[in-house]
Amino acid sequence: MTSKFTLALLLASLATAPAMAQSAPCGGDLGSFLEGVKAEAVAKGVSPDVARQAVRNASISRKVLSRDRAQGVFRQTFLEFSKRSVSANRMQVGAKKMKQYAKTFARAEAEYGVPAPVLTAFWGLETDFGGFQGDFNTMNALVTLAHDCRRPELFRPQLIAAIEMVGHGDLDPARTTGAWAGEIGQVQMLPRDIIEYGVDGDGDGHVDLKKSSPDAILTAAKFIKSLGWRAGQPWLAEVSVPSGPFPYEKSGLRQGMSLNDWIALGVTFRNGQPTSENLPAELLLPQGRGGPAFLAFPNFHIYLEWNKSFIYTTSAAYFATRLGGAQRYDAGNPAPGLGDAAMKQLQTKLAARGHDVGKIDGILGAGTRAATRAEQLRLGLPADGWPTAELLNRL
């Protein structure tokens with residue numbers, strides 16, 4: 001399937017992209033564009049023959065442009081997405097993969113501090129453990145998106161990196177395929193990150209994330225460590241919130257609470273309590289106080305670096321806890337959410353009250369959750385950040 005963490009990786013690439021790439025021309029005659037690309041690659045140390053070979057048969061893909069223009073938005077609830085993505089089959093296959101590659105996972109944790117369940121969950125969600133890695137020609141996809149003038153500053157550095165990979169013997173411009181936005185392999189990584197964090201896990205002299213699971217596992221571990229993963233610390237834990245009055249307004253990300261604070265408020269753990277009570281912790285209520293509840297720890301923010309979608313990252317983190325032995329979450333009985341039209345109506349009302357909800361798009365993002373929590377608190381409702389018909393009517 002198409003990678004779910006494209007945006008995070010591309011934004012990271014933009015932050016470190018050289019000025020030359022950011023100001024590079026786009027559009028126009030494809031041949032002239034490719035001449036500039038080859039010259040930039042050669043300036044970075046690629047041989048002229050390799051640069052020429054890499055883009056010799058490159059072409060613009062209308063299918064890639066169509067996918068880029070029509071990127072879907074994440075409208076599923078946490079319960080909907082997590083139930084589908086953390087399936088019984090994925091749990092079974094994930095357990096088998098952790099056993100099959102136990103030595104590789106042990107090395108990943110020893111060298112990079114990232115445990116097997118975390119890596120396995122990403123592996124499963126991104127490509128079904130390598131089962132479907134995308135069928136777009138990688139070189140054509142990157143040429144298309146770098147040539148297109150919508151986001152050339154994001155994709156041109158990835159194109160140059162892909163040409164470097166051709167020189168390393170790790171990318172075949174005619175045969176290498178992946179996601180529509182240029183991600184490659186079993187854990188769907190972009191060329192620049194493969195070059196920077198690639199690990200030859202099977203010792204064959206190449207970093208092949210498409211065919212080599214050890215390469216994919218160790219490369220993902222090294223990349224996750226680079227994002228700031230804290231070895232030996234938890235990432236997510238399911239909890240139960242006490243019935244009766246509770247300061248739900250303290251839920252959500254970056255509220256400045258600690259694990260000890262939540263314990264003092266009566267929060268209990270369903271799968272065993274982490275040992276460090278001073279660890280920062282955030283109460284996540286993806287579908288409000290009636291649904292599942294989790295405490296998220298600093299490592300959870302690494303998931304948000306991998307993917308900006310709160311629903312995807314919470315599901316991925318939950319999947320990893322399940323692979324690590326946690327029981328299935330208590331789904332509870334959350335209040336019905338709002339449909340697209342009602343959510344847009346709510347966002348309009350919240351914006352009119354001075355809240356920054358971003359684009360009026362019907363998507364329950366971080367801004368809408370924060371504004372919802374603020375208005376719930378003002379109106380004397382449980383401030384759990386979950387928009388309901390009651391809140392909309394009260395506004």
Side-chain angles (χ1 to χ4, degrees), residues 3-5 8-9 12 78 81-82 85-87 90-130 183 185-189 193 197-199 201 209 213-238 253 269 271-272 274-276 279-282 284 286 294-329:
S3 170
K4 298 291 187 181
F5 60 95
L9 297 182
F78 170 73
F81 182 76
S82 62
S85 59
V86 188
S87 63
R90 277 201 177 134
M91 286 292 299
Q92 293 168 3
V93 175
K96 290 179 181 177
K97 293 293 185 183
M98 288 195 295
K99 184 176 181 180
Q100 180 182 357
Y101 294 101
K103 290 184 179 179
T104 303
F105 283 118
R107 176 182 168 188
E109 185 160 15
E111 295 184 11
Y112 307 112
V114 186
V118 171
L119 296 165
T120 306
F122 279 128
W123 190 12
L125 289 183
E126 292 298 331
T127 65
D128 261 336
F129 309 103
E183 305 95 334
Q186 299 180 34
V187 288
Q188 298 282 269
M189 292 184 67
D193 296 306
Y197 303 106
V199 179
L209 301 193
S213 295
D215 289 9
I217 292 166
L218 291 168
T219 298
K222 187 175 181 180
F223 176 70
I224 291 171
K225 179 185 178 181
S226 78
L227 296 176
W229 185 269
R230 303 183 183 187
Q233 290 193 9
W235 55 94
L236 191 77
E238 188 185 3
L253 298 173
F269 291 81
N271 297 288
T275 56
S276 177
L279 201 63
E282 299 153 324
L284 305 184
F294 303 93
L295 280 186
F297 304 99
N299 276 338
F300 179 78
H301 289 271
I302 306 308
Y303 284 83
L304 292 170
E305 291 291 330
W306 186 290
N307 185 298
K308 299 300 182 185
S309 165
F310 175 73
I311 299 302
Y312 178 89
T313 53
T314 305
S315 298
Y318 163 68
F319 187 13
T321 65
R322 291 291 310 284
L323 289 168
Q327 62 184 317
R328 187 190 305 271
Y329 56 53

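For the single chain, residues carry numbers from 1 onward in sequence order.
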I'd like to check [X] versus [Y] (side-chain heavy atoms, cut-off strictly below 4.5 Å). Are they in contact?
X	Y	answer
Phe269	Pro274	yes
Val114	Glu109	no
Gln100	Lys96	no
Leu253	Leu304	yes
Thr120	Tyr101	no
Met98	Leu119	no
Leu279	Pro234	yes

State, to 0.1 Å, how close [X] and [Y] come at their nearest heavy-atom pair, and which atoms those are.
X	Y	result
Lys225	Glu111	NZ-O, 3.7 Å
Ser82	Ser315	CB-OG, 3.6 Å
Gly228	Ile302	C-CD1, 3.6 Å
Thr127	Gly130	OG1-N, 2.7 Å
Leu218	Gly201	CD1-CA, 3.5 Å
Ala121	Ala316	CB-O, 3.7 Å

- Message: Please evaluate residues Glu282 and Phe294 with respect to the criterion side chain to side chain contact (heavy atoms under 4.5 Å, CB included), reporting the C-alpha separation (whole Å), side-chain torsions for both, the decisive distance (0.1 Å), and the verdict.
- Response: CA-CA 8 Å; Glu282 299 153 324; Phe294 303 93; over 6 Å; no
Reported [atom1]-to-[atom2] distance for the pair [X] and [Y], which is rounded to 0.5 angstrom:
X	Y	atom1	atom2	answer
Ile217	Lys103	CD1	NZ	14.0 Å
Thr314	Leu236	OG1	CG	7.0 Å
Gln233	Asn299	CD	CG	6.0 Å
Leu295	Trp235	CG	CH2	14.5 Å
Trp306	Leu227	CH2	CG	8.0 Å
Arg230	His301	CZ	NE2	9.0 Å

Looking at [X] and [Y], would you say the former's side chain and the latter's main chain have a donor-acceptor pair under 3.5 Å?
X	Y	result
Thr313	Phe310	yes
Asp215	Leu209	no
Asn271	Gln327	yes
Gln188	Gly185	yes
Trp229	Gly113	yes
Thr219	Val199	yes

query = According to the interplanar angle, ranging from 0 to 90°, do the rings of Phe129 and Trp123 count as parallel (below 30°), tilted (30 to 60°) or perpendicular (above 60°)?
reply = perpendicular
* Asked: Is the centre of the Phe122 ring less than 6.0 Å from the centre of the Tyr303 ring?
  -> yes
What about the rings of Tyr197 and Tyr112, do their centers lie closer together than 6.0 Å? no
Checking Phe300, Phe81, Tyr329 against Tyr318 for ring pair (Phe, Tyr, Trp, His ring centres under 6.0 Å), the one that qualifies is Tyr329
task: Starting from the C-alpha separation in whole Å, work towards a yes-or-no answer on side-chain hydrogen bond (donor to acceptor under 3.5 Å, both in side chains) for Gln186 and Ser213.
output: CA-CA 7 Å; Gln186 299 180 34; Ser213 295; 3.0 Å; yes
